[in-house]
Number of protein chains: 2
Amino acid sequence: MEEVLVTDGRALKHVQVREYVRNLVTGAAPGSPAPSERELVQHFGVARMTVRQAMDALVVEGLLERIPGRGTFVARPRRTASRITGYTEEMTRRGMLAESQTLLARREQAGPGVARALALTEGDAVIHWRRLRRADGVPMCIEDAYLNEVLLPGFLQSGMPTSLYDSLESRGLRPTWAEDSVNADKATSEESSLLEVDPMSAVLRHSRRAVSGEKVVEVSRSVYRADRYTLWVQLGHDG
Amino acid sequence: MEEVLVTDGRALKHVQVREYVRNLVTGAAPGSPAPSERELVQHFGVARMTVRQAMDALVVEGLLERIPGRGTFVARPRRTASRITGYTEEMTRRGMLAESQTLLARREQAGPGVARALALTEGDAVIHWRRLRRADGVPMCIEDAYLNEVLLPGFLQSGMPTSLYDSLESRGLRPTWAEDSVNADKATSEESSLLEVDPMSAVLRHSRRAVSGEKVVEVSRSVYRADRYTLWVQLGHDG
DNA sequence: TAGTGGTCTAGACCACTAT
DNA sequence: TAGTGGTCTAGACCACTAG
């Protein structure tokens, strides 16, 4: 009998087995064999159903793959849909420095469109945050975000964060689902002046309605310089 | 003991239980109670682990939700990411009549860009299909699709279908994952003439690389009239 | 207190794969 | 033939919820 690595005496057995296997296989090449179920039964001194419960979770997660008669193996990583990101994370991912200049940040009464999008009643308090956003110092986009004040108490008073999405995440409101619309247009004179482009330049208009669980956490409209920005989206999933 | 509905004597027990429960709850209102595990044990005369295996599958599927101490209930349908659709399905969904006029359909040798995108070697045979696509009779977009000829034998000879995605689906090549890029631009003179808009009108340029399992099945570039088209995308998932 | 799902045991037989 | 995952049994105790 091998020595069992004690991770946490209070932990449930199937969780102990699961995390033990996860540690073994993370970083391993796809196709590498995982321990067999009966090996783990011996190693942990648990019933086989307990091991299967642990392995089931990793299979559902996409980390392992079972092949009847052969064994359990590290699965090829699945292609997945885009993570829902905000401007800061998106630009950082592209290797650019994201900066923002707040043009407006105040409490407003929701108009009919914003109220419906945020699932509020017209006249309810919303936070309106308008920013000019730069990438590597160059103007990239103007974003108008509307937030449900009830979900973000003290948001305006707490000093505005750089990243709205980091701020939402720290409150447990990271968007889990979003509905975006995108179209093409020409810049208005005000937009072209802020974005430092010629009037009537091509721009990408992007709207988002972002939901965290049951709550609508963000409604925004952004206008991007088309000469500097292309939107990328991954859809669907393999496996 | 109630009478057991016999569905298929050859079926595995957990599958019988699963499908029995699925039939019971499909169409039921979210929050409706499903049979308790012990009820199903009595009903089918099986062990509780067998029932749990059946219910687990429905929970992972998102059909049921377990609440410890209370029971198992029909889950609220999850918000999910957009299905990957082509032009025909997309326009039909919007309640418009989708029509297409083939401008070009021929075998070509893949250039460097198309070859890389389709995971082929430069010079390999590809199908190039260029269409002017209308919605309710009005020009909407020009699409250039490149397809791997090896995956679609006889495609050009078989009479071109209306919907590329229907055609892929019938060959078991429905895209499961896609990578899209979108930006804004102004129409070229050739584009504006085909799309029946003024030169330099705003257009949306959309590129897609669509994958089915392990195979790259479609690479396309489309240009949409911005005055008639807004792209919609749903990202992520609840639950 | 009765019922629920969550966890766990200690076996069993099967079909399949690899040697 | 030995090993693997797939299926299944007949119990058990726990924490939690609801009346």
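All chains are named by letter (A, B, ...) in the order of the sequence lines, taking the proteins before the strands, and each is independently numbered beginning at 1. Worth knowing before you read on, the calculation uses all heavy atoms, side chains too, and leaves out hydrogens, waters and symmetry mates.
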- Task: Report yes if at least one side-chain N or O of T50(B) is closer than 4.0 Å to OP1 or OP2 of dT9(D); otherwise report no.
- Result: yes

- Item | Partners meeting side-chain hydrogen bond (donor to acceptor under 3.5 Å, both in side chains) with E108(B) (sequence neighbours left out) | R106(B), H128(B)

Nucleotide N/O of nucleotides 14-17 of chain D paired with protein N/O under 3.5 Å:
residue, atom, partner, partner atom, Å
dT17(D), O4', G69(B), O, 3.3

- Note on the structure: Considering only heavy side-chain atoms of A47(B), the closest of dT4(C), dG5(C), dA10(D) is dA10(D)

- Query: Phosphate oxygens OP1/OP2 of dT4(C): is one of them under 4.0 Å from a side-chain N or O of S36(B)?
  - Reply: yes

- Item | Nearest-angstrom distance from the residue atom CE of M49(A) to P of dT7(C) | 12 Å

- Task: Would you please enumerate the stems DNA chain C participates in, each stem being three or more consecutive Watson-Crick or G-U wobble pairs with both distances under 3.5 Å?
- Result: C:1-18 with D:1-18

- Task: Take atom CG of L64(A) and atom P of dT4(D), then tell me their distance rounded to the nearest Å.
- Result: 15 Å

- Item | Donor-acceptor contact present, side-chain R131(A) to main-chain A105(A), <3.5 Å | no

- Query: In whole angstroms, how far is the C1' atom of dA10(D) from the CG atom of L40(B)?
  - Reply: 17 Å

- Task: Could you list all the side-chain hydrogen bond (donor to acceptor under 3.5 Å, both in side chains) pairs where at least one residue sits in residues 151-163 of chain B, not counting sequence neighbours?
- Result: none

- Task: Write down the distance between NZ (K13(B)) and P (dC13(C)), rounded to a whole number of angstrom.
- Result: 15 Å

- Task: Check the distance between dT7(C)'s C1' and M55(B)'s CE and give it to me in whole angstrom.
- Result: 17 Å

- Message: How long is the straight-line distance from OG1 of T92(A) back to CZ of R94(A), given to the nearest 0.5 Å?
- Response: 11.0 Å

- Name all pairs fulfilling the salt bridge (Lys or Arg N to Asp or Glu O under 4.0 Å) condition that reach into residues 112-124 of chain A, sequence neighbours left out, sorted by first residue then second. none

- Message: Looking at T72(B), I'd like to know whether one of its side-chain N or O atoms comes within less than 4.0 Å of OP1 or OP2 on dG5(C).
- Response: yes

- Task: Determine whether the side chains of R133(B) and S100(B) contain a donor N or O and an acceptor N or O closer than 3.5 Å.
- Result: yes

- Task: Rounded to the nearest angstrom, tell me the gap between atom CD in E37(A) and atom C1' in dA12(C).
- Result: 15 Å

- Report yes or no: does T230(B) contribute a side-chain atom to a donor-acceptor pair with the main-chain N or O of N183(A) at less than 3.5 Å? no

- For residues 41-50 of chain B, pull every pair meeting salt bridge (Lys or Arg N to Asp or Glu O under 4.0 Å), keeping only residues two or more places apart or in separate chains. E37(B)-R48(B)

- Item | Polar pair under 3.5 Å, donor/acceptor by atom type, side chain R52(A), base dT7(D) | no

- Separation of L12(B) atom CG from dC8(D) atom C1', in whole Å? 10 Å

- Check the distance between dT7(C)'s C1' and F44(A)'s CZ and give it to me in whole angstrom. 16 Å

- Nucleotide nearest H14(A) (side chain, heavy atoms from C-beta), chosen from dC8(D), dT7(C), dT4(C): dT7(C)

- For the side chain of T72(B) and the backbone of P35(B), is there at least one donor-acceptor N/O pair under 3.5 Å apart? no

